[in-house]
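We use all heavy atoms of the structure for the numbers below, so side chains are in, but hydrogens, waters and symmetry mates are not. Sequential numbering from 1 along the given sequence is applied to the chain's residues.
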Amino acid sequence: MRRVLWASACALFTQLLCASFSSGTVTFNSNPSILINSNSSSEYNLTLNATTDQPNKTITFSLSYVDESYRNDVEVVGNVLYISPDATSGMGFITVTGTDSSSSSTDFTFQLTVLSSGRTVSLIQFSSPEYNISLSEATPIGTTIQRLGVVFNGSYQCSITSVISPSMAPLGAAATNVFGFQMHNDYLLVIGALNRSIVPVYKFVVTATASTPGGGKANATVTVTILNAYPPVISAPDYVNIRTDVPLGTVLFTVSVTTRDQPTDLTFSLLSNVTFPFAIDPASGSVRVSKALAVNTYTIMAIAYDHGVPPFSSNNATVIVNVLLENMAPKFNGLPYVVSLIEKVIPPYPVFNFTVIDSGGGDLEGVDNVTLFLPANYSDYFSLKTILNITAGITVAQLYQ
């Protein structure tokens with residue numbers, strides 16, 4: 001028997017190439033399954049069929065992989081794959097490389113099933129009883145996830161026949177609404193939106209049903225872990241003013257969060273200097289006064305972490321905190337006021353002008369204009385009129401009779 005082989009330890013093979021697969025410019029057009037009987041009277045041969053989109057190019061074939069158990073039974077000569085009649089019953093994989101004269105090449109893998117002597121109909125089977133898949137929740141609908149490796153020399157159909165978990169899922173999030181298969185093959189597809197905060201793990205049973213009479217059915221368990229894809233986004237005010245005399249525990253601000261994960265499950269923390277007199281509630285995101293305050297300006301940064309798999313952190317929200325003096329009352333300028341007023345005047349008669357100054361200090365809104373009023377027992381005889389509100393907290397007013 002002619003042989004040009006090398007082999008490696010047989011491993012779980014979960015990604016058989018499709019019957020018409022192209023990479024570069026070389027395309028194979030062959031059935032990926034080979035079914036023969038052991039102790040056959042003649043050598044099995046298969047004409048390799050491949051094309052290239054480069055004009056006037058020829059294709060040469062070579063073996064690139066054969067399972068250990070069949071290393072002495074398989075070879076390629078020209079465009080023909082030969083398998084010895086002495087091949088023992090079992091299952092293995094053969095990879096053939098097609099290369100055109102422009103050096104473009106493609107690998108194509110055959111599933112070889114050698115039946116025991118006397119058996120003429122194969123039973124459909126999976127190459128593994130269980131498949132574990134990790135998948136980003138951002139995976140678009142229509143994406144092919146993985147080929148499950150159905151072994152059968154004929155047509156068949158795959159479908160999800162039972163759901164192990166979650167046993168109950170929100171409308172539209174059930175496994176049968178999220179995953180499916182292409183017609184007559186074993187390519188698992190995304191057919192619905194994924195959201196790990198709603199369903200983080202799917203586990204279901206896939207059944208492959210042979211169309212050929214006598215081919216039977218086969219089951220495999222598939223577990224799909226949905227991976228986190230969307231970090232939270234947080235925001236906070238640009239600045240906050242606060243007085244030195246506020247009580248401990250006073251809330252400066254609360255971080256707001258936007259996230260695609262529902263329900264929201266986040267932990268908040270501050271990236272600021274640990275000596276700063278502020279602390280954040282890790283559950284609510286409220287930033288509070290934690291130590292006695294002195295006049296100063298602080299720059300604090302808040303961040304949020306989700307609890308996804310993998311976990312993500314948010315952007316940094318930077319806030320300037322201005323700690324001001326305790327609030328100080330407005331003051332009349334030029335006290336005391338002494339005014340002489342003749343008895344008979346015609347109202348409204350201006351008595352005098354005066355100025356009130358608000359020094360601001362710890363006012364949360366900064367330096368304000370003040371509101372003036374007269375005691376009730378004088379309001380029948382006199383009135384006030386604001387002449388001018390000057391910036392920096394200065395108000396000029398006039399008293400009228």
| request: Using a 4.5 Å cut-off on heavy atoms from C-beta on, say whether the side chain of Gln125 contacts that of Leu123. | output: no
| Test log, rule side-chain hydrogen bond (donor to acceptor under 3.5 Å, both in side chains), inputs Ser235 and Ser256 | CA-CA 5 Å; Ser235 60; Ser256 60; 2.6 Å; yes
| message | The criterion is side-chain hydrogen bond (donor to acceptor under 3.5 Å, both in side chains); which residues satisfy it with Ser290, sequence neighbours excluded? | response | none
| note | Applying ring pair (Phe, Tyr, Trp, His ring centres under 6.0 Å) to Tyr44 and not counting sequence neighbours gives none
| request: Kindly indicate whether the side chain of Phe278, heavy atoms from C-beta on, has any atom under 4.5 Å from the side chain of Val319. | output: no
| query | Do Val151 and Phe126 have side-chain heavy atoms sitting under 4.5 Å apart? | reply | no
| said: Show, in sequence, the C-alpha distance, side-chain angles and deciding distance for Tyr131 and Ile145, and conclude whether the side chain to side chain contact (heavy atoms under 4.5 Å, CB included) test is met. | reply: CA-CA 12 Å; Tyr131 299 88; Ile145 306 171; over 6 Å; no
| task | Could you grab the distance from atom CZ of Phe61 to atom OG1 of Thr97, nearest 0.5 Å is fine? | result | 10.5 Å
| query | If you round to the nearest 0.5 Å, how far is OG1 of Thr209 from CZ of Phe152? | reply | 10.5 Å
| What is the distance from atom OG1 of Thr225 to atom CZ of Arg196, rounded to the nearest 0.5 Å? | 11.0 Å
| task | Give, for atom CD1 of Ile300 and atom CG of Asn316, the distance between the pair rounded to the nearest 0.5 Å. | result | 12.0 Å
| Taking side chain as C-beta onward, heavy atoms only, is Asp107 less than 4.5 Å from Tyr65? | no
| note | Between Leu81 and the options Val76, Thr47, Asn45, the side-chain contact (heavy atoms from CB on, under 4.5 Å) test singles out Val76
| task | Could you please spell out the steps behind the side chain to side chain contact (heavy atoms under 4.5 Å, CB included) verdict for Phe276 and Leu270? | result | CA-CA 10 Å; Phe276 283 4; Leu270 292 180; over 6 Å; no
| task | Please determine, by modelled atom types, if Thr109 and Thr95 share a side-chain donor-acceptor pair under 3.5 angstrom. | result | yes
| query | Which distance, rounded to the nearest 0.5 Å, do you find between the CG of Leu266 and the OG of Ser313? | reply | 11.5 Å
| request: Measure across Asp306 and Pro310 and return the closest heavy-atom pair with its distance rounded to 0.1 Å. | output: OD1-O, 4.5 Å
| request: Could you check Thr297 against Ile320 for side chain to side chain contact (heavy atoms under 4.5 Å, CB included), going step by step and ending with a plain yes or no? | output: CA-CA 7 Å; Thr297 298; Ile320 305 297; 3.7 Å; yes
| query | Where is the tightest heavy-atom contact between Val289 and Leu252, given as atom of each residue plus distance? | reply | CG2-CD2, 4.1 Å
| Which atom of Ala173 lies closest to which atom of Tyr202, heavy atoms considered | O-OH, 2.7 Å
| Among all residues two or more places apart in sequence or in another chain, which pass the side-chain contact (heavy atoms from CB on, under 4.5 Å) test with Ser162? | Val205
| Asn29 (side chain) donor-acceptor with Asn49 (main chain) under 3.5 angstrom | no
| request: Can you measure from OG1 (Thr250) to CD1 (Ile242) and round to the nearest 0.5 angstrom? | output: 5.5 Å
| message | Does any part of the side chain of Ser286, heavy atoms only, come nearer than 4.5 Å to the side chain of Phe253, both counted from C-beta? | response | no
| Atom of Asp100, atom of Lys57 and distance for their closest heavy-atom approach | CB-CB, 4.2 Å
| Which is it for Ile191 and Asn177 under the side chain to side chain contact (heavy atoms under 4.5 Å, CB included) test, yes or no, and what are the steps along the way? | CA-CA 7 Å; Ile191 63 172; Asn177 293 327; 5.9 Å; no
| said: Check this for me: Asp238, atom CG, are more than 12 non-hydrogen atoms of other residues, nucleotides or ligands nearer than 6.0 Å? | reply: no
| Note, Asn228 side chain near Glu137 side chain (heavy atom, < 4.5 Å) | yes
| field | Side-chain heavy atoms of Val233 within contact of Ser314, under 4.5 Å | value | no
| With side chains defined as the heavy atoms from C-beta onward, is the minimum distance between Val257 and Phe268 less than 4.5 Å? | yes
| task | Would you name the heavy atoms of Ser105 and Thr99 that are closest together and state the gap between them? | result | CB-OG1, 3.4 Å
| Do Asn241 and Asn322 get their side chains close enough for a donor-acceptor pair, meaning under 3.5 Å? | yes
| message | Please find the pair of heavy atoms, one from Val150 and one from Cys158, that lie closest to each other, and give the distance. | response | CG2-SG, 3.8 Å
| note | Exactly one of Thr144, Leu189, Ile160 clears side-chain contact (heavy atoms from CB on, under 4.5 Å) with Phe181, and that residue is Ile160
